[in-house]
Amino acid sequence: QSVPVIAIDGPSASGKGTVAQRVANELGFHYLDSGALYRLLATAAMRDGVALDDEVALAGLASRMDIVFKGEQIWLDGAPVGDELRGEACAAGASKVAALHQVRAALLAKQRDFRKAPGLVTDGRDMGSVVFPDATLKIFLTASAQIRAERRYKQLKEKGMDAKIADLLQDIRARDERDTQRSAAPLQQYPDASLLDTTTLDVDQAVKFVLNGYQCKA
Ligand code: C5P
């Protein structure tokens with residue numbers, strides 16, 4: 001029997017990362033934050049002066065990147081990456097490089113390598129549709145744009161970063177637009193995913209929903 005995968009897809013700042021991480025802890029599974037790979041590529045491109053629309057150069061960079069997850073800390077090419085990975089500039093760059101077909105293809109094998117026993121919980125945009133189409137459980141986790149902007153605001157504040165809710169809301173809407181309208185793996189609720197709308201749910205409730213869903217499938 002193949003290694004179980006729980007795929008949680010959804011728009012930015014929906015809380016899917018927090019939920020996915022908690023579910024992974026509960027089950028003792030590995031966790032892959034696939035958005036981090038696109039964010040790391042944007043970081044590496046800015047570091048190396050590669051234009052964010054140079055598809056061939058970006059795909060090459062994507063396959064060469066040496067990424068190591070050490071708990072909360074991520075290392076890129078032998079050096080730790082700081083909080084800038086979570087910033088809006090990096091997120092915007094990530095959503096630009098993520099629209100390129102060759103970049104997505106270059107990151108496919110890297111993502112599949114994370115599927116290891118006893119299991120994997122992963123979050124992103126196309127985890128259940130493209131990367132792990134045979135995932136054990138597929139969830140589409142979303143929330144209203146306003147609530148997502150408020151959550152992102154709280155998260156940034158806690159990290160000591162400054163932000164305005166109105167700006168965050170604008171960024172989130174722009175990113176939603178780009179992520180849903182692109183031709184390469186557009187963000188969408190695919191038919192075999194269960195919808196989890198967290199607009200009025202807290203993290204505990206969302207985690208419970210996913211764990212129950214997994215127990216029914218496992
Ligand atoms: O999830 P996160 O906000 O970290 O993702 C950053 C960007 O990376 C998203 O806006 C999206 O464009 C892209 N992404 C993607 N496919 C994934 C994960 C992230 O296209 N599986």
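Start at 1 and go down the list; that is how both ligands and their atoms are numbered.
Ion pairing of K208 with D202 is absent here, as no side-chain N (NZ or NE/NH1/NH2) approaches a carboxylate O to less than 4.0 Å. No salt bridge links D33 with R39; every basic N to acidic carboxylate O contact stays at or beyond 4.0 Å. Ionic pairing of K138 and D192 is present here: one or more N-O contacts between side-chain nitrogen and carboxylate oxygen are shorter than 4.0 angstrom.
Here the rule is side-chain contact (heavy atoms from CB on, under 4.5 Å) with S12, and of D171, D176, L187 only D176 fits it.
In this view, E72 and Q21 satisfy the side-chain hydrogen bond (donor to acceptor under 3.5 Å, both in side chains) rule, not counting sequence neighbours.
Sorted by chain then number, the residues whose non-hydrogen atoms approach ligand 1 to under 4.0 Å are K16, S34, G35, Y38, R39, A94, S95, A98, R104, G124, R125, D126, M127, R175, D179, R182.
In this structure, R115 contributes its side chain and V3 its backbone to a donor-acceptor pair below 3.5 Å.
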